[in-house]
Number of protein chains: 2
Amino acid sequence: MRLEILPVPGIGHVTEGDDLAALIGGAAPWLRDGDVLVVTSKIISKAEGRLVDVPADGPDRQAARDEVLASETVRVVASRGPTRIVQTRHGFVMAAAGIDASNVDKTRLVLLPEDPDASARALRAGLRARNGVNVAVIISDTMGRPWRNGLTDVALGVAGMDAIRDHRGEVDPYGNELVLTQMAVVDELAGAGELIKGKCDQMPVAVVRGYLTAGRDDDGDGARVLVRDASMDLFSLGTAEARAAGLAEAAHLPDRPGEVRPDPAVVAAAIASVIDVVAPGTVFTQVVDDDVRAGLVNTVPGWPDRATGLVLCSPPTPVGPVQLVRFGTDVQRLRTALAAHHVPTQLLPPPPATTAAASLAL
Amino acid sequence: MRLEILPVPGIGHVTEGDDLAALIGGAAPWLRDGDVLVVTSKIISKAEGRLVDVPADGPDRQAARDEVLASETVRVVASRGPTRIVQTRHGFVMAAAGIDASNVDKTRLVLLPEDPDASARALRAGLRARNGVNVAVIISDTMGRPWRNGLTDVALGVAGMDAIRDHRGEVDPYGNELVLTQMAVVDELAGAGELIKGKCDQMPVAVVRGYLTAGRDDDGDGARVLVRDASMDLFSLGTAEARAAGLAEAAHLPDRPGEVRPDPAVVAAAIASVIDVVAPGTVFTQVVDDDVRAGLVNTVPGWPDRATGLVLCSPPTPVGPVQLVRFGTDVQRLRTALAAHHVPTQLLPPPPATTAAASLAL
């Protein structure tokens with residue numbers, strides 16, 4: 001196996017309404033079955049008229065740009081200063097929703113194609129009709145990524161090949177079954193194409209020859225299979241945004257105990273984590289004796305039917321109204337620390353025959 | 001410009017102490033100046049003896065594996081179930097610190113090379129000495145990434161070329177200066193190499209020909225320039241981890257007002273965000289009258305020299321000890337909501353001649 005990556009010169013500037021199959025097919029009459037075309041998304045967007053007019057400069061330009069970004073954004077994932085990492089309606093997570101002001105008149109912005117998989121299918125069909133070749137088409141764009149500097153090109157859309165090469169179930173020469181081996185080959189192909197396409201539209205199309213042995217009949221499932229659902233993603237929110245969400249969560253702690261009794265060691269760790277920031281002399285006593293808890297459950301009105309654990313909370317003495325309020329804030333600190341340890345709580349009145357001023361059902 | 005990606009067959013299994021320059025140089029006598037070698041990190045690790053013995057199976061294997069992972073981990077970035085995304089001492093953020101059990105005996109684990117840039121430099125020098133060629137060397141490995149399914153190969157180390165191709169300052173044909181144009185070309189080259197290397201060590205080396213016009217004298221800065229410092233990263237922590245950090249932060253809110261007076265609208269928003277979860281009848285009153293605040297500053301002992309804002313907090317009546325404790329927890333909810341809005345607070349006693357039971361200096 002041996003790959004070639006070939007440029008497609010002579011396409012020139014693309015404008016709205018251009019027939020890309022004619023432009024690319026005419027510039028590359030040498031295309032063969034099984035070739036993989038890597039096409040910069042920007043010329044797709046231009047041909048499809050995915051452009052918006054904005055002022056060339058000034059504050060109006062920024063305002064117009066913000067408006068366009070909002071309309072292209074499904075969910076803000078992270079922000080810092082002027083940077084906005086957002087999820088687009090396609091599901092891609094990109095800076096500024098992939099909106100681009102380069103390689104276009106100063107009075108226009110280029111948006112991502114409406115449906116890059118559909119664009120890839122259409123171009124593939126056009127080339128088959130015009131040049132009689134069965135190729136695969138990848139629509140590529142440039143993205144940043146967490147943790148690593150520098151950008152790479154990846155696939156927004158694909159037709160005529162699978163986005164992922166799946167090795168699961170294969171066994172290596174040592175008899176180990178391969179596990180983490182779903183390779184996003186269309187992203188690697190998009191990056192390979194970028195190596196020769198450059199960044200100035202002079203070369204918006206590259207051809208990878210030798211990767212596919214032949215063209216296939218169907219278009220495949222497209223690049224949407226590369227989009228990971230946010231609920232499955234360990235990094236669905238920026239760190240600062242998730243921290244703020246944790247703070248907001250603390251302000252809205254539900255007032256009910258958990259379903260299962262927490263590990264006493266975890267409760268002790270939560271207590272230890274706040275004991276230094278509460279008023280000196282405050283005492284938090286974890287009750288782990290079943291009888292005592294049962295007794296409380298049976299004798300105090302308003303107790304949950306089944307407390308799964310209990311912490312008695314006693315303020316320092318002497319206790320006046322001001323001290324009781326401060327004590328309440330400290331009890332809430334403990335509740336929050338318990339929540340951080342995944343232990344939900346309910347605030348309860350003090351049980352009889354204790355020095356506690358409050359208690360928490362766990 | 002035109003690229004070729006060529007496999008290097010015949011290298012076979014690599015074991016500790018092997019001379020990789022001899023193995024690769026012998027298998028590819030056709031290497032030329034300017035060729036870019038993409039070398040799977042695993043054969044580097046094996047040649048360098050970066051292997052640890054572990055039980056072939058059973059719970060002991062998992063325990064040994066966890067121990068190795070801990071020793072290769074500088075910082076845990078995110079976890080879910082058995083998955084651990086960690087930062088290695090090189091600064092790379094990878095699942096399981098890049099530790100690999102595939103393509104090796106069941107009783108051994110392969111660790112990342114100690115210093116992949118140094119490994120690349122050594123291999124490059126070895127090939128220059130043995131074959132008389134001036135090539136670039138990329139050490140590659142397979143990584144997952146947030147937001148997109150599927151893995152891609154990226155560079156852990158490089159010698160003989162720059163990791164990043166920088167277009168900043170260039171101007172496109174429309175006169176727009178290019179901005180986001182630092183391309184991580186070594187990652188794109190690593191991915192291009194993976195397209196033919198496959199996943200089973202039969203083909204651990206690929207050659208990209210045509211990308212560099214000639215070999216260069218120095219090794220360059222290596223792949224470490226690709227490592228983004230966590231402090232600069234918007235995703236330095238997993239979402240769940242950052243949420244828990246926000247909860248822990250709430251449990252430890254510092255007790256002091258801010259330096260600058262907060263926007264009253266922001267304070268109002270924080271109050272509104274919790275008013276539905278506090279005891280019915282609780283009143284939070286934002287004081288924005290300078291004289292009142294000044295008066296408080298001058299008359300109440302223990303006030304900060306300059307309160308930058310004030311919220312008076314009044315509990316529902318009638319007020320007994322139990323209600324005051326609950327009230328305190330509600331005041332802490334408000335403090336937490338204010339913190340989520342970036343407004344630090346200090347708990348203060350009630351000002352004289354008010355119905356407040358407590359107040360918060362902002």
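With respect to the salt-bridge test (charged N to carboxylate O, under 4.0 angstrom), the residues A:Arg243 and B:Glu241 do not qualify. Ion pairing between B:Arg145 and A:Asp233 fails under the 4.0 Å rule for side-chain N and carboxylate O. Salt-bridge check for A:Glu4 with B:Arg209: failed, with every basic side-chain N at 4.0 Å or more from each acidic carboxylate O.
Residues B:Val227 and A:Asn149 are not in side-chain contact: their nearest non-hydrogen atoms beyond the backbone lie 4.5 Å or more apart. At a threshold of 4.5 Å between non-hydrogen side-chain atoms, the residues A:Lys197 and B:Met1 do not count as touching. When side chains are defined from C-beta on, A:Arg148 does not count as touching B:Arg228, because their heavy atoms never get closer than 4.5 Å.
Using a 4.5 Å cut-off between heavy atoms, B:Leu253 contacts chain A through both its backbone and its side chain. Residue B:Met94 does not touch chain A at all, counting heavy-atom pairs closer than 4.5 Å. The contact between B:Asp105 and chain A is made by backbone and side chain atoms together, counting heavy-atom distances below 4.5 Å. Heavy atoms of B:Leu338 lying under 4.5 Å from chain A are absent altogether. For A:Val186, no part lies under 4.5 angstrom from a heavy atom of chain B. Using a 4.5 Å cut-off between heavy atoms, B:Val185 touches chain A through backbone and side chain atoms alike. In this structure, chain A has a heavy atom under 4.5 Å from the side chain of B:Ile164, while its backbone stays farther away. Residue B:Val93 touches chain A through both its backbone and its side chain, counting heavy-atom pairs closer than 4.5 Å. Interface remark: B:Val319 contributes no atoms to any contact with chain A (heavy atom separation under 4.5 Å). Of the atoms belonging to B:Ala101, it is backbone heavy atoms, and not side-chain ones, that fall under 4.5 Å from chain A. Only the side chain of A:Val277 comes within less than 4.5 Å of a heavy atom in chain B; its backbone stays farther off. Interface remark: B:Ala245 contributes backbone and side-chain atoms alike to the contact with chain A (heavy atom separation under 4.5 Å). For a residue to count as touching a neighbouring chain, one of its non-hydrogen atoms must lie under 4.5 Å from one of that chain's; by this rule B:Leu234 touches chain A with backbone and side chain alike. With a 4.5 angstrom heavy-atom cutoff, A:Ile85 touches chain B only via side-chain atoms.
When atom types are taken as modelled, the side chain of B:Arg2 and the backbone of A:Leu6 share no donor-acceptor pair closer than 3.5 angstrom. Under a 3.5 Å cut-off, the side chain of A:Trp147 and the backbone N or O of B:Phe235 do form a donor-acceptor pair. The backbone N or O of A:Ser236 sits less than 3.5 Å from a side-chain atom of B:Thr239, completing a donor-acceptor pair. The main-chain N or O of A:Thr152 is never found under 3.5 Å from a side-chain atom of B:Asp187 such that the two would form a donor-acceptor pair. Using modelled atom types, one side-chain atom of B:His252 and one backbone atom of A:Ser273 make a donor-acceptor pair closer than 3.5 Å.
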Verdict with reasoning, B:Thr329 to A:Thr329, per side-chain contact (heavy atoms from CB on, under 4.5 Å): CA-CA 5 Å; B:Thr329 66; A:Thr329 66; over 6 Å; no

Step-by-step side-chain contact (heavy atoms from CB on, under 4.5 Å) determination, B:His341 to A:Leu247: CA-CA 9 Å; B:His341 286 72; A:Leu247 276 169; over 6 Å; no

Chi angles and distances behind the side-chain contact (heavy atoms from CB on, under 4.5 Å) call for B:Ile5, A:Ile5: CA-CA 8 Å; B:Ile5 309 179; A:Ile5 308 180; 3.9 Å; yes

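Between chain A and the options B:Pro7, B:Ala357, B:Ala340, B:Pro146, the largest number of non-hydrogen pairs under 4.5 Å is found for B:Pro146. Options B:Ala155, B:Pro315, B:Pro254 differ in how many heavy-atom pairs under 4.5 Å they form with chain A, and the most are formed by B:Ala155. With chain A as the partner, the residue from B:Ile196, B:Leu195, B:Val77, B:Asp255 showing the most heavy-atom pairs under 4.5 Å is B:Leu195.
Here the closest heavy-atom approach between residue A:Ala251 and residue B:Thr336 is recorded as N-CG2, 3.8 Å. In this structure, B:Glu188 and A:Asp153 approach most closely via the heavy-atom pair OE2-N, 2.9 Å.
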